[in-house]
Amino acid sequence: MPSRVKSDPSRQNAAPAPVLVLDADQASTLTIVRSLARRGLAVEVASDAERPLAGRSRHVVACLRYPDPLRDEAGFIAWLRQQLDERRRELVIPVTERTLVPLMRARARFEGEPIAMASTEALEQVLDKDRTGALARSLGIPIPRSVVVASAAEAVAAAQDLGYPVVVKPARSVGGDAGGRVQLRVAYAFDDAGLAAEAASALRHGAVILQSYFRGEGVGIELIADQGELRYAFQHRRLHEVPLTGGGSTLRVSEAPVPALLEASRRLVQALRWHGVAMVEFKYQPQTGAYVLVEINGRFWGSLPLAVAAGADFPAMLHELWTQGRVGAWPPARSGVVARHLARDIDWLEHVLRKAAPPQLVTLPSKRDVLRDWLLMFSPRHHFDVQTWRDPWPGLVDLGRIARHQARRFGAIVAQRRRLERELRAAAPARQRLHSAQRVVFLCHGNINRSALAQAYAESRYPGRHEYASAGFHSPAGRPADPTMVEVAAAAGVDLAQWQSRTLDARLVADADIVFAMEAAHLDRLQREHPGAAGKAYLLGAAIASGPAQVEVPDPYGKPRAAYERVCGQVRAAVDAWLQPTRN
């Protein structure tokens with residue numbers, strides 16, 4: 001059973017205790033603060049960050065700091081236990097899984113304390129995506145075809161049945177590594193090589209679920225339940241997400257709940273005997289009515305500011321539930337309200353302009369669509385997650401952070417251009433070094449596309465001129481070449497069918513007389529990890545570039561076939577430009 005407020009007769013006549021809201025660096029925490037303050041409640045916030053966003057609100061009576069729960073879980077638990085021993089709180093609200101998971105694990109240490117979290121059994125079921133999927137199947141709720149894998153080889157075998165693209169989903173959103181707990185991400189793979197790499201990376205932190213990809217709109221049913229009985233529900237639809245392939249919403253709109261999604265959510269919370277707030281996430285196709293369950297977030301969600309702006313005041317409802325034992329009557333939320341997280345929506349715009357999404361998954365909006373969405377800021381239906389005149393300071397702080405971030409980005413762009421100009425000028429001394437070089441090494445990240453192609457092409461076109469090798473930073477070694485590049489290279493007369501990747505090591509760097517990397521970032525990492533490479537590493541593209549923008553050879557992985565063809569042509573032309581002048 002969820003924790004309830006413990007009865008203490010000596011406290012019954014005491015002044016009302018404050019509410020303590022954790023994860024104060026989140027915009028959703030700021031929304032909770034503002035909501036509870038409107039009800040006349042004293043609100044404290046806490047975070048592992050030094051100056052969290054919600055701590056800037058004029059409604060906060062105290063801003064506290066605790067150890068990072070991801071790196072020092074025991075320290076965080078001890079901190080909260082001490083806080084509650086020293087001073088009573090009317091309610092403690094964990095906002096993210098960073099704090100919720102440790103509190104669930106340490107529930108026995110907080111017996112009787114008013115911590116707003118569902119039962120351990122229910123939380124374990126929603127935190128484990130495989131168990132969530134099993135529950136949904138038992139209730140007849142559609143989910144993507146899924147399989148749990150324990151190795152990269154199992155993943156590749158399973159993908160033959162699921163088909164590409166395939167979703168690589170950690171079984172839990174927070175996993176463990178040698179340094180503590182880490183926030184995990186969902187990834188996508190489009191071929192065997194990419195899947196093997198993504199699965200191997202994710203498996204280091206726990207079990208991995210592979211799912212078939214379901215194309216649809218992101219829709220969330222946000223709700224509050226009392227011991228499994230749904231008391232209030234609200235629906236939002238995602239308009240912008242970062243990353244573009246699916247992630248946190250940066251712009252979203254309220255709308256009337258779809259009956260099928262609402263009913264599915266009702267059955268889930270009833271089966272879980274859920275107590276408190278949750279968000280049930282779906283992919284939905286409005287044209288056909290088809291949908292699949294994505295996951296259940298057993299805590300407050302990132303789009304909470306929209307719900308409150310539309311009239312679905314879930315923080316106030318949660319306070320009622322935990323302090324009065326019930327949720328009162330609340331009017332339906334308004335449809336057509338939009339809310340935007342400004343800082344992250346600027347990131348969304350940048351992703352769109354850079355076309356930073358695989359076309360197999362995402363149809364990029366047109367310029368007209370982008371303009372229309374940004375003009376929504378002038379609509380009376382539009383709200384910002386952070387900025388508001390009634391509590392201005394957090395919004396001003398956020399704008400300052402945005403300005404500093406963009407200034408740093410601009411400075412980095414200028415610095416990168418100057419860096420590439422230097423690499424372009426370095427082509428002349430590189431040619432001199434190449435004259436006496438015996439061993440030439442080509443370098444990229446994974447050694448399954450660009451550097452692999454460069455080595456194979458050099459060996460076939462200029463045999464005996466030098467000894468050629470290639471490598472990447474990615475491990476493990478022994479991965480096949482990207483299937484698309486295998487096809488593109490074959491059309492150009494280069495055989496990569498039997499390719500096996502190699503991971504860069506100190507011996508290879510020491511034996512190399514000259515190293516040709518694909519990107520400036522590769523040079524930087526090479527020199528950080530192998531200082532002895534300084535003075536013998538250059539950019540492959542410098543031999544054919546007409547300006548700084550052409551010096552790097554971009555990674556085609558996951559992009560359309562045309563991108564592979566351009567990179568193939570660029571690599572072959574650059575190898576020719578370096579090696580042809582060395583003829584005697």
Under the 3.5 angstrom rule, does the side chain of [X] hit a backbone N or O of [Y] as a donor-acceptor pair?
X: W499; Y: N447; result: yes
X: W393; Y: R58; result: no
X: H382; Y: S379; result: no
X: Q285; Y: R215; result: yes
X: R479; Y: S501; result: no
X: Q550; Y: I544; result: no
X: S57; Y: A54; result: no
X: E97; Y: G298; result: no
X: R344; Y: V242; result: yes
X: S254; Y: V337; result: yes

Quiz item: Are E529 and L504 close enough, and set up right, to give a side-chain contact (heavy atoms from CB on, under 4.5 Å), and what steps lead you there?
Solution: CA-CA 10 Å; E529 298 180 2; L504 188 69; 5.7 Å; no
[X] [atom1] to [Y] [atom2] distance, which is reported to the nearest 0.5 Å:
X: R408; Y: I413; atom1: CZ; atom2: CD1; answer: 13.0 Å
X: L304; Y: T31; atom1: CG; atom2: OG1; answer: 5.0 Å
X: L342; Y: R401; atom1: CG; atom2: CZ; answer: 13.0 Å
X: R51; Y: C63; atom1: CZ; atom2: SG; answer: 10.0 Å
X: L443; Y: R502; atom1: CG; atom2: CZ; answer: 11.5 Å
X: Q211; Y: K129; atom1: CD; atom2: NZ; answer: 9.5 Å

Between [Y] and [X], is there a side-chain heavy-atom distance shorter than 4.5 Å?
X: L36; Y: I93; result: yes
X: D398; Y: D385; result: no
X: T388; Y: R34; result: yes
X: Y564; Y: N449; result: yes

Could you pull out the closest heavy-atom pair between [X] and [Y], with the gap in Å?
X: Q455; Y: A469; answer: OE1-C, 3.4 Å
X: A471; Y: S451; answer: O-OG, 3.5 Å
X: P548; Y: L424; answer: N-CD2, 4.3 Å
X: V362; Y: L244; answer: CG2-O, 3.4 Å
X: S303; Y: H236; answer: OG-CE1, 3.3 Å
X: L306; Y: V253; answer: CD2-C, 3.6 Å

Exercise. Check the angle between the aromatic planes of Y538 and F516 and answer parallel, tilted or perpendicular using the 30° and 60° thresholds.
Key: tilted
Exercise. Could you point out which residue of L361, L195, D482 forms a side chain to side chain contact (heavy atoms under 4.5 Å, CB included) with F190?
Key: L361
Practice problem: Establish, yes or no, whether the cationic atom of R65 lies under 6.0 Å from the six-membered ring centre of W79 and within 45° of the ring axis. | Solution: no
Could you check whether [X] pairs with [Y] (Lys NZ or Arg NE/NH1/NH2 to Asp/Glu carboxylate O, under 4.0 Å)?
X: R38; Y: D391; value: no
X: R372; Y: D369; value: yes
X: E295; Y: K169; value: no
X: D25; Y: R98; value: yes

Quiz item: Do other residues, nucleotides or ligands put more than 12 heavy atoms under 6.0 Å from R561 CZ?
Solution: yes
Practice problem: Assess whether atom CZ of R354 is packed by more than 12 heavy atoms of other residues, nucleotides or ligands within 6.0 Å. | Solution: yes
Exercise. Begin from the C-alpha positions of F314 and W301 and carry the test ring pair (Phe, Tyr, Trp, His ring centres under 6.0 Å) through to its verdict.
Key: CA-CA 11 Å; F314 285 104; W301 45 91; 5.2 Å; yes
Self-check item: Partners meeting salt bridge (charged side-chain N to carboxylate O under 4.0 Å, His left out) with R439 (sequence neighbours left out)
Solution: E467, D511
Quiz item: Can you check salt bridge (charged side-chain N to carboxylate O under 4.0 Å, His left out) on E281 and R238, steps first, answer last?
Solution: CA-CA 11 Å; E281 183 180 345; R238 297 178 173 198; 3.6 Å; yes
Considering residues at least two apart in sequence or located in another chain, which fulfil the side-chain hydrogen bond (donor to acceptor under 3.5 Å, both in side chains) criterion with [X]?
X: Y188; result: none
X: Q26; result: none
X: R566; result: none
X: Y457; result: R461, D576

Quiz prompt | Candidate pair D524 and R419, rule salt bridge (charged side-chain N to carboxylate O under 4.0 Å, His left out), full reasoning | solution = CA-CA 11 Å; D524 293 340; R419 162 74 184 283; 2.7 Å; yes
Quiz prompt | ring-ring contact (aromatic ring centres under 6.0 Å, His included) contacts in which one or both residues fall within residues 341-372, not counting sequence neighbours | solution = H240-W348
Quiz prompt | Chi angles and distances behind the salt bridge (charged side-chain N to carboxylate O under 4.0 Å, His left out) call for D555, R450 | solution = CA-CA 7 Å; D555 189 354; R450 296 165 290 177; 3.8 Å; yes
